[in-house]
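Notes for the one structure printed next.
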Amino acid sequence: MTSSIFSDLNDKQREAVFSKDGPVLVLAGAGSGKTRVIAYRIGYLLKERSVSPYSILAVTFTNKASTEMKERVLKLLGKDRMPFLWIGTFHSICARILREDIEKLNLKINRHFTIFDKEDSKSVIKRILKDEKLGDTSFGVSEISDYFSLIKRGAGRTFTSNISSLYSLYEKNLVEQNALDFDDLLLYTVKLLKEVESVRIKYQQRFQHILVDEYQDTNDVQEELLTILAGKWKNLFLVGDEDQSIYGFRGSKVRHIVEFPQRYSNAKIIRLEKNYRSFDTILSSASALVSHNKERLGKTLWTDKKGGEKIKFFSGESDRDEANFVADEIFKLSSSYPHNKIAILMRTNSQSRGFEETFLNKGIPYQIVGGIKFYERKEVKDIISYLRLAINPYDRISLLRVINTPPRGIGKTTIEAIEKVSLEKNITLYEAIVAGVNENLFPQKASQSLREFIELIKDLQVEVSNSKPSEASANLIEKIDYINYLESLSDLKKESRVENIKELVSALKEFEVREGGNLEMFLERQSLSSDQDELNEEAGDSVKVMTIHSAKGLEFPVVFIVGLEDGFFPHEKSKMKEDEVEEERRLLYVGMTRAMEKLYFTNSKTRYIYGNVIVRDPSPFLFEIPLKNIEEIKITNEKAIVSKLNYPLEKHELNYNILSPGIRVYHKNYGVGIVLSSEGSGESLKVTVSFSKFGRKKLLAKLANLEVM
DNA sequence: TTCTATAGCGAGAAA
DNA sequence: CGCTATAGAA
């Protein structure tokens, strides 16, 4: 007996949703409705099987996905049962477990620990290198940080004693600061569950059903965590697609999916092969591409959406030319596709700059998703650091960041003096400041500044616990005169910096109103936020520009995959290893399968790298896609010339000859438009122009006084 | 201590 | 080319 809410599922989806207890692996192809299957599975468990929401754990890949999942379940069930459902990312779930129980590990870490991001971790490493005078390790700080992450995932290979001692210093340093890095969140949770029986039993008992999305992207530690949590009930409902495994560099292993049936001999395996997203041309092209991979279980995706347009391919002369093509094409599409239905997908973040400049010049609204995140901006991180410090005074990275920001007369010498006191008395930096001031260990002037700094932090601590987070931070910003400080900088971006600070306060306010959260919850949310979390529907009608990694799980009617060159696809650094080339191929596959209706490929024959022009070959992956599915777009010479003239923005005298389709023009009444077609010639030349605000107009070139842009 | 100029180095993807 | 660390001046 199935109730009507499940009637819109197909047979395979149903089979998955209605599975009996026990391990289930759903091999879900791109666009086959896997998020929906998980949501309905939860709905089924709650409604038909009367499972308590308290007993369900759902793991998603991003916070955005978990929010969407919650909303979907909410729609199926209504509000009252939601609060107990645990839905979140691996990292947020671990943080939640640790905030409750980490003190049971009897380490020096308490529940108010700070979560260090990559930048913080690197700062720790920098300081250790400095303190230990190990500046000559011949490894870069980033390299060391990545290596530590590798070690924490259990993949660390042999390493020199130099690095080994550095690693233990790093670990010690984090503990002293009451801080965990991203890997620690997972690692300490596994440790806690392994070593503290009461905690293990508590969660094993509780989670009767565990559901995991994007299972192909789990690493060894996450796998171990799942195994422990599911230890009692063994009801693992895993959904994934080996063809979309693109996080190998973060330790994810396709092996977890492939070997799942061996680990659980009673596992049920279901394949979802019907694709609801893309037209057949797109889907079959993507399938053809990924079929060149060896490491896969294999699926045969199909769709009802037969046919569809060919993939349009444009090869530019320069990266500028490429960006111009994309911009012009978006303009042409704008009558049928609003900007927010269009995505530009890239291999690397650095590619965004060229598109950003072109879109800015051509007035195309865009949003860069990912790259440097909002909370990673310098000015935002400054304020965040004050707040972190107020909650966790052991956090010396945040302390060092804010102690002289804005400048308050506490320079290098003073900081060294503080560090000396801290070392001698074996106390934290913050305590050293307090002690040093009380015992008159610093010069008069420095002492006065430090006294004021201590007062500031003390007041902040009080405020943080007594008043609303947004008020506490607004007061802080006021007190340290931070806006004026930003404005005093000779910085081209200072205006946007001030904006960002205002946005931070708004974000805090929104958080306390919408979720009733306190500051600690906000800081945690913030430090675990993902690229996709910055995407919100209300953000206006803009083209989304992002890496393929950031686009995972999303879909768009129109997709441009740019930079399809050897060196990006596959990336220069992956070319040598076969398994990494396969991952690069999967990456392109993921990009292609984001597209619903129109898919564009673009590349460039040359590209600026470090300011030098590099000649580039097309991506070898292009030749793995059936030729019949691709249509190459050639641009007339005139247009190519204009494209080059086109940048940076300059007005040029009108030469009627260049008013050919695709040219961007400006009309004093109608604004910016693009030439669609032309008829006649010379004085009687008429052109049809599509204007962004006024639609199509047919104009006599002689009278229209068009300017080519 | 703070501000400014410039040399020198560097970008693979991200919770 | 753009960022940042650092040296040197104020």
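Below, chains carry the letters A, B, ... as their sequence lines are ordered, and counting in each starts from 1.
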Item to complete: Would you grab the first and last nucleotide of DNA chain C (5' to 3') that comes under 4.0 Å of any non-hydrogen atom in chain A?
Response: C:dC1 to C:dA5
Worksheet entry | Separation of the P atoms in B:dA13 and C:dT4, to the nearest angstrom | 16 Å
Fill in: Residue pairs fulfilling salt bridge (charged side-chain N to carboxylate O under 4.0 Å, His left out) with at least one residue in residues 403-412 of chain A, sequence neighbours excluded
none
Item to complete: Return the set of residues passing salt bridge (charged side-chain N to carboxylate O under 4.0 Å, His left out) with A:R353 (not counting sequence neighbours), or none when no residue passes.
Response: none
Worksheet, complete the sentence: Taken in chain and number order and not counting sequence neighbours, the residues that satisfy salt bridge (charged side-chain N to carboxylate O under 4.0 Å, His left out) with A:K122 are none
Might you list the N or O atoms of the protein lying below 3.5 Å from N or O atoms in nucleotides 13-15 of chain B, with each pair's distance?
{"from": "B:dA13", "atom 1": "OP1", "to": "A:N349", "atom 2": "N", "distance (Å)": "2.5"}
{"from": "B:dA13", "atom 1": "OP1", "to": "A:N349", "atom 2": "ND2", "distance (Å)": "3.3"}
{"from": "B:dA13", "atom 1": "O4'", "to": "A:R347", "atom 2": "NH1", "distance (Å)": "3.4"}
{"from": "B:dA14", "atom 1": "OP1", "to": "A:D531", "atom 2": "OD2", "distance (Å)": "3.2"}
{"from": "B:dA14", "atom 1": "OP1", "to": "A:T547", "atom 2": "OG1", "distance (Å)": "2.9"}
{"from": "B:dA14", "atom 1": "OP1", "to": "A:S550", "atom 2": "OG", "distance (Å)": "3.1"}
{"from": "B:dA14", "atom 1": "OP2", "to": "A:N349", "atom 2": "ND2", "distance (Å)": "2.9"}
{"from": "B:dA15", "atom 1": "OP1", "to": "A:D531", "atom 2": "N", "distance (Å)": "3.0"}
{"from": "B:dA15", "atom 1": "OP2", "to": "A:K373", "atom 2": "NZ", "distance (Å)": "3.0"}
{"from": "B:dA15", "atom 1": "N3", "to": "A:H91", "atom 2": "NE2", "distance (Å)": "3.4"}

Item to complete: Kindly write out the residues that satisfy side chain to side chain contact (heavy atoms under 4.5 Å, CB included) with A:V175, not counting sequence neighbours, or none if the list is empty.
Response: A:K108, A:I109, A:Y188
Item to complete: With sequence neighbours left out, write down each residue that passes side chain to side chain contact (heavy atoms under 4.5 Å, CB included) with A:Q244, or none if nothing qualifies.
Response: A:A30, A:Q216, A:D241, A:Y589, A:V590, A:R594
Backbone N or O of [Y] within a donor-acceptor pair of the [X] side chain at under 3.5 Å?
X      : Y      : result
A:D184 : A:L187 : no
A:D213 : A:T60  : no
A:S574 : A:P570 : no

Fill in: Near-strand residues of residues 412-422 of chain A, defined as heavy-atom separation under 4.0 angstrom from DNA chain B
A:K412, A:T413, A:T414
Whole Å only: how far is the [atom1] atom of [X] from the [atom2] atom of [N]?
X      : N      : atom1 : atom2 : answer
A:I548 : B:dG12 : CD1   : P     : 16 Å
A:F442 : B:dT1  : CZ    : C1'   : 16 Å
A:Q351 : B:dG12 : CD    : P     : 12 Å
A:K445 : B:dT1  : NZ    : P     : 8 Å

Response to the item:
Here the helical stems involving DNA chain B, each at least 3 consecutive Watson-Crick or G-U pairs closer than 3.5 Å, sorted by first residue number, are B:1-10 with C:1-10
Fill in: Non-neighbouring partners of A:S604 that pass side chain to side chain donor-acceptor pair (under 3.5 Å), sequence neighbours left out
none
Item to complete: List for me each residue that meets side chain to side chain donor-acceptor pair (under 3.5 Å) alongside A:T602, sequence neighbours excluded, and say none if there are none.
Response: A:E322
Practice prompt. Name the nucleic acid region contacted by A:K126, choosing base, sugar-phosphate or nothing; use a 4.0 angstrom heavy-atom cut-off, strictly under.
Written response: sugar-phosphate
Item to complete: Describe the nucleic acid contact of A:N404 in one word from base, sugar-phosphate, nothing, applying a heavy-atom distance below 4.0 Å.
Response: sugar-phosphate
Worksheet item: Strictly by modelled atom types, are A:D382 and A:S385 linked by a side-chain donor-acceptor pair under 3.5 Å?
Response: no
Worksheet item: How about A:F148 and A:Y167: are their ring centroids closer than 6.0 Å?
Response: yes
Fill in: Listed partners of A:Y247 passing ring-ring contact (aromatic ring centres under 6.0 Å, His included), at least two apart
A:F61, A:F249, A:H549
